[in-house]
Colleague: 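Dropping the structure in here first, questions after.
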Amino acid sequence: MTDTSYPVPAAFAAKANLTPADYKTLYDRSISDRDGFFAEQAKRVQWMTAPTHVGSWSFDSPVKIEWYKDGVLNVTESCLDRHLDARGDKVAIIFEGDEPGDSTTYTYTELHREVCRFANVLRDRGAKKGDRITIYMPMIPEAAFAMLACARIGAVHSVVFGGFSPDALAGRIVDCDSTLVITADEGVRGGRKVPLKVNADAACEIAAKAGVTVKTQLVVQRTGATIAWQTGRDIWLHEATKTVVDDCDPEPMSAEDPLFILYTSGSTGQPKGVLHTCGGYLVWAAMTHDYVFDLKEDDVYWCAADVGWVTGHTYIVYGPLANGTTTVMFEGVPTYPDASRFWQVCDDHQVSLFYTAPTAIRALMREGDGPVTATSRKSLRLLGTVGEPINPEAWDWYFNVIGETRCPIIDTWWQTETGGAMIVPLPGTVDMKPGAGTFPMFGVEPALVDAEGQTLHGTAEGNLILKTSWPGQMRTVYGDHARFEQTYFSTYPGNYFTGDGARRDADGTIWITGRVDDVINVSGHRMGTAEVESALGSHPAVAESAVVGFPHDIKGQGIYAYVTIIAGVDATDELRRDLVKHVRKEIGPIASPDMIQFSSGLPKTRSGKIMRRILRKIAANEYGNLGDTSTLADPSVVEALIDGRAIL
Ligand code: WT7
């Protein structure tokens, strides 16, 4: 990690919304007069009843977090209705399909109508405030309509990424007891079809066996493929909308009523349902989207994430729409039809603010400068990154080749749990250092601690905690508040533990170094080692497995699985392929192991605990420095693993 710093490009800084002095004033105020600061920020959203309370929380057991608790609102009024007068004809969503040339736009007036009609369809099917609705969709405008339609009627959406398998989808349907599913006939990505309805049908069957019967599947027609149909349960969106009106009264919601659940992986067990509520989340989404992207009225903004992840929730849908921005939704992938696609789309739609993950930058960097320089990119003025630490090489390429040194690189550190950006070099306020999140967002109080919880001051490296609450903080794990407390507040009592490590340099700049728990960051997506192990363990040939992350050129981290097979089964390449296939079926392609090493034993302590530290070193090819191995029950296991690694 280099500590070279780069000033914000002068032409950008001259027009930036914030100066370095503004950052300091606003940050200091956000800490010294938190309630005053966040009472003002609350005015960014439209309330039916304005809140008189601001923040009230306890990070000690029983953990309880509330913001704006007596406020009443419907988030869709902020995202839609209030723009109708001044921005009715402004484009709200630019849809860019998988095939170049397949593009449509929706103005705020049109979006309002689509959402209301969609919401009326949901109401016609009996959906109401508090119901959980699962959305399993491709990246098409209807995914955003669906989310907003749920919010309109007060239903809680749970968006499941379209790359998850039927088993993974079913698990999420069952966990939140969701009897209405919104899906599409098929998705299209990189020229390939994704059988969403087939998967959703299979998930419904699995869910039914676990006691949750999906009563309605609302199906969007994307490709026109022939699909199986269950009359009574399945309905086409385009048919159902024929009989509904264009207006739909927004459901009044308490600020602390749930807005959505989003499942994310942790270090133990199955994914947990991160729950966000209406008021604080929307204030945080609107505020951070404005500050992080130096937002101006005529910007065309493109976050190239998927709505299946929190980035898509906060920075494709809720933040941009609350701010009346023109937001691009892209159905495809960065390399289809070729590696110019991102920049071609920027040219076609005159994108000024662009936001993606380091993994995409690395994948494109590999294709060389040619596909980039074939495009203009003159409309771009700011480039953002999210999801994982960005390596200096990728940062340099993003800055020099993509942005031609014109655009600041805004490296945003945050998590599904935080709702929005938390540690960010706010554009124009601070010199950039490749790989550094730099300084906290307003109201955010990070600290570094050692394993015992002692606060580390000055230049230091340790675990990253957050000492106080912010409006966008998750409120609970759906249906399991004890797990919420245990996961985030038990390691460093009285503080929120992020699960990340970080270091601080002599200037006070913060660098996120990566997860310190058993979570792997694959291409900017979180994967729990326990989940992959449980998928492997359900294969009949597997006796035991241990999964760790290892450095991967494109993905950041790859998935490395050590597998012990049962006696009598042969360790063949065919079995390896079958294991990968099995994990894809259980979870989805994003969980595919990149490396499988068959091992006759795993390194364990005398009490039987797997020593993952050693497994991580071997996976990374760092045999020289295995650390303390004195607690190993059987040291010969490690030698065998090293020999096995060498021949892979
Ligand atoms: C984890 C959260 C934030 C939305 C997308 C991922 C890692 C995220 C950065 C960054 C270094 C980062 C952390 C974090 N992470 N952004 N800019 N620099 N690391 O959300 O799936 O909840 O994952 O992603 O390890 O804990 P998520």
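Whatever order the structure lists them in is the order used to number ligands and atoms, beginning at 1.
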Colleague: From the options Trp414, Trp413, Tyr315, select the one whose nearest heavy atom is closest to atom 2 (C) of ligand 1.
Modeller: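 The option holding the nearest heavy atom is Trp414.
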Colleague: Is Ile402 close to Leu380 at the side-chain level, that is, under 4.5 Å between some pair of heavy atoms?
Modeller: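 The answer is yes; the side chains approach within 4.5 Å.
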Colleague: Which option wins on minimum heavy-atom distance to atom 11 (C) of ligand 1: Gly514, Gly419, Ala305, Pro389?
Modeller: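 It is Pro389 whose heavy atom sits nearest to atom 11 (C) of ligand 1.
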Colleague: Are Tyr355 and Phe293 an aromatic pair by the rule of ring centers under 6.0 Å?
Modeller: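 Yes, close enough.
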Colleague: Quick one: look at Asn521 and ligand 1, take heavy-atom pairs under 4.0 Å, and tell me if it's side chain, backbone, both or neither.
Modeller: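 For Asn521, the contact with ligand 1 is made by the side chain alone.
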Colleague: Measuring only between side-chain heavy atoms, which start at C-beta, is Pro427 closer than 4.5 Å to Leu382?
Modeller: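 They are in side-chain contact.
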Colleague: Examine Arg616 relative to Phe550 and say whether NZ or CZ is less than 6.0 Å from the centre of the six-membered ring and inside a 45° cone about the ring axis.
Modeller: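 Not satisfied by the 6.0 Å and 45° rule.
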Colleague: Who passes side-chain contact (heavy atoms from CB on, under 4.5 Å) against Pro138, sequence neighbours left out?
Modeller: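 side-chain contact (heavy atoms from CB on, under 4.5 Å) list for Pro138, sorted by chain: Ile140, Ala184, Leu196.
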Colleague: Does ligand 1 come near enough to Thr412 that some N or O of the ligand is less than 3.5 Å from an N or O of the residue?
Modeller: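 Between Thr412 and ligand 1, an N or O pair is found under 3.5 Å apart.
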Colleague: Could you list which atoms of ligand 1 come closer than 4.0 Å to a heavy atom of Ile512?
Modeller: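 By the 4.0 Å cutoff, the relevant atoms are 11 (C), 19 (N).
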Colleague: Please determine if Thr498 has a nitrogen or oxygen closer than 3.5 Å to a nitrogen or oxygen of ligand 1.
Modeller: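 N/O-N/O distance under 3.5 Å: no.
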Colleague: Looking at Asp553, I'd like to know if its CG atom is crowded, meaning that more than 12 non-hydrogen atoms belonging to other residues, nucleotides or ligands lie closer than 6.0 Å.
Modeller: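 Open: at most 12 neighbouring heavy atoms sit under 6.0 Å from CG of Asp553.
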Colleague: Atom 7 (C) of ligand 1: which protein heavy atom is closest, and how many Å away?
Modeller: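 Heavy-atom neighbour on the protein nearest atom 7 (C) of ligand 1: Gly387 O, 3.3 Å.
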Colleague: How long is the straight-line distance from CD1 of Ile510 back to CG of Leu464, given to the nearest 0.5 Å?
Modeller: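 CD1 of Ile510 is found 6.5 Å from CG of Leu464.
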Colleague: Determine whether the side chain, the backbone, both or neither of Gln415 has a heavy atom under 4.0 Å from any heavy atom of ligand 1.
Modeller: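 Under 4.0 Å from ligand 1, Gln415 contributes backbone and side-chain atoms.
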Colleague: For atom 9 (C) of ligand 1, what's the nearest protein heavy atom and its distance?
Modeller: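 For atom 9 (C) of ligand 1, the nearest protein heavy atom is Glu388 N, 3.5 Å.
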Colleague: Minimum distance, heavy atoms only, to atom 6 (C) of ligand 1: which one of Gly556, Gly524, Ala436 is it?
Modeller: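 That would be Gly524.
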Colleague: Among protein heavy atoms, which lies nearest atom 21 (O) of ligand 1, and at what distance?
Modeller: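 The closest one turns out to be Arg526 CD, 3.3 Å.
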Colleague: Checking Trp343 now: which residues fulfil ring pair (Phe, Tyr, Trp, His ring centres under 6.0 Å) with it, not counting sequence neighbours?
Modeller: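 Here the qualifying residues are Phe354.
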Colleague: Does the N or O separation between His525 and ligand 1 drop below 3.5 Å for any pair?
Modeller: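 In fact, backbone or side chain, His525 has no N or O that close.
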Colleague: Heavy-atom contacts with Asp411 under 4.0 Å: which atoms of ligand 1 show up? List them by number with element.
Modeller: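 What qualifies from ligand 1 is 10 (C), 17 (N), 18 (N).
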Colleague: Do Leu364 and Thr335 come within less than 4.5 Å of each other through their side chains, counting heavy atoms only?
Modeller: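 Answer yes - side chains close enough.
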Colleague: Output yes when the distance from some N or O of ligand 1 to some N or O of Arg515 is under 3.5 Å, and no in every other case.
Modeller: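 Yes - when backbone and side-chain N and O of Arg515 are compared with those of ligand 1, one distance drops under 3.5 Å.
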Colleague: Can you tell me which portion of Asp500 lies within the under-4.0 Å heavy-atom range of ligand 1? Options are side chain, backbone, both, or neither.
Modeller: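 The answer is the side chain of Asp500.
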Colleague: So, is the end of the Arg44 side chain (NZ or CZ) under 6.0 Å from the ring centre of Tyr291 and within 45° of the ring's axis?
Modeller: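 Output yes; distance and angle both within limits.
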Colleague: Looking only at protein heavy atoms, which one is nearest to atom 22 (O) of ligand 1, and what is the separation?
Modeller: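 Going by distance alone, atom 22 (O) of ligand 1 is nearest to Thr416 OG1, 2.5 Å.
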Colleague: What verdict does the side-chain hydrogen bond (donor to acceptor under 3.5 Å, both in side chains) test give for Trp67 and Ser469, after you've listed the backbone C-alpha separation in whole Å, the side-chain angles of each residue and the deciding distance to 0.1 Å?
Modeller: CA-CA 9 Å; Trp67 284 85; Ser469 183; 3.1 Å; yes
Colleague: Using a 4.0 Å heavy-atom cut-off, which part of Val310 comes near ligand 1: side chain, backbone, both, or neither?
Modeller: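 Answer for Val310: side chain.
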Colleague: Looking only at protein heavy atoms, which one is nearest to atom 5 (C) of ligand 1, and what is the separation?
Modeller: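 For atom 5 (C) of ligand 1, the nearest protein heavy atom comes out as Thr311 OG1, 3.4 Å.
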